[in-house]
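A short write-up of the structure that comes next.
When reading the values below, keep in mind they use all heavy atoms of this one structure, side chains included, and skip hydrogens, waters and symmetry mates.
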Amino acid sequence: MPIIALIIIGAAAGLIATRTMRLETDLFATIGIGVLGALLGGLVLRILLTITGWMAGFVGAVLGAMALIWLWRSYGPRR
């Protein structure tokens with residue numbers, strides 16, 4: 001069933017993409033463009049989410065460290 005769904009979604013995506021880009025192709029090329037585009041787009045999206053997730057973790061770590069420094073300065077031992 002996932003193969004059939006991939007073909008149907010690929011056909012729809014290929015149809016929209018080829019019409020948007022004003023490219024005249026036959027049915028098989030349209031489906032191929034859509035399926036390959038879905039695979040490529042999925043790969044790029046996973047990579048971006050991985051990088052964004054890593055960066056979000058880094059930003060969270062920096063913000064957490066800044067909050068800890070603020071707490072230390074506000075409520076820590078006085079010199």
Does S74 reach the main-chain N or O of L71 with its side chain, forming a donor-acceptor pair under 3.5 Å? no

Any chance you could measure I51, atom CD1, to I47, atom CD1, to the nearest 0.5 Å? 7.0 Å

CG (L40) and CG (L45) are apart, to the nearest 0.5 Å, by 11.0 Å

Determine all donor-acceptor pairs shorter than 3.5 Å in which one atom belongs to a side chain in residues 55-67; sequence neighbours excluded.
none

List the residues meeting side-chain contact (heavy atoms from CB on, under 4.5 Å) with I7, not counting sequence neighbours, and say none if there are none. I3, I31

Can you give each donor-acceptor pair under 3.5 Å made by side-chain atoms of residues 22-29, sequence neighbours left out, with the distance rounded to 0.1 Å?
{"residue": "T25", "atom": "OG1", "partner": "T30", "partner atom": "OG1", "Å": "2.7"}
{"residue": "D26", "atom": "OD1", "partner": "A29", "partner atom": "N", "Å": "3.1"}

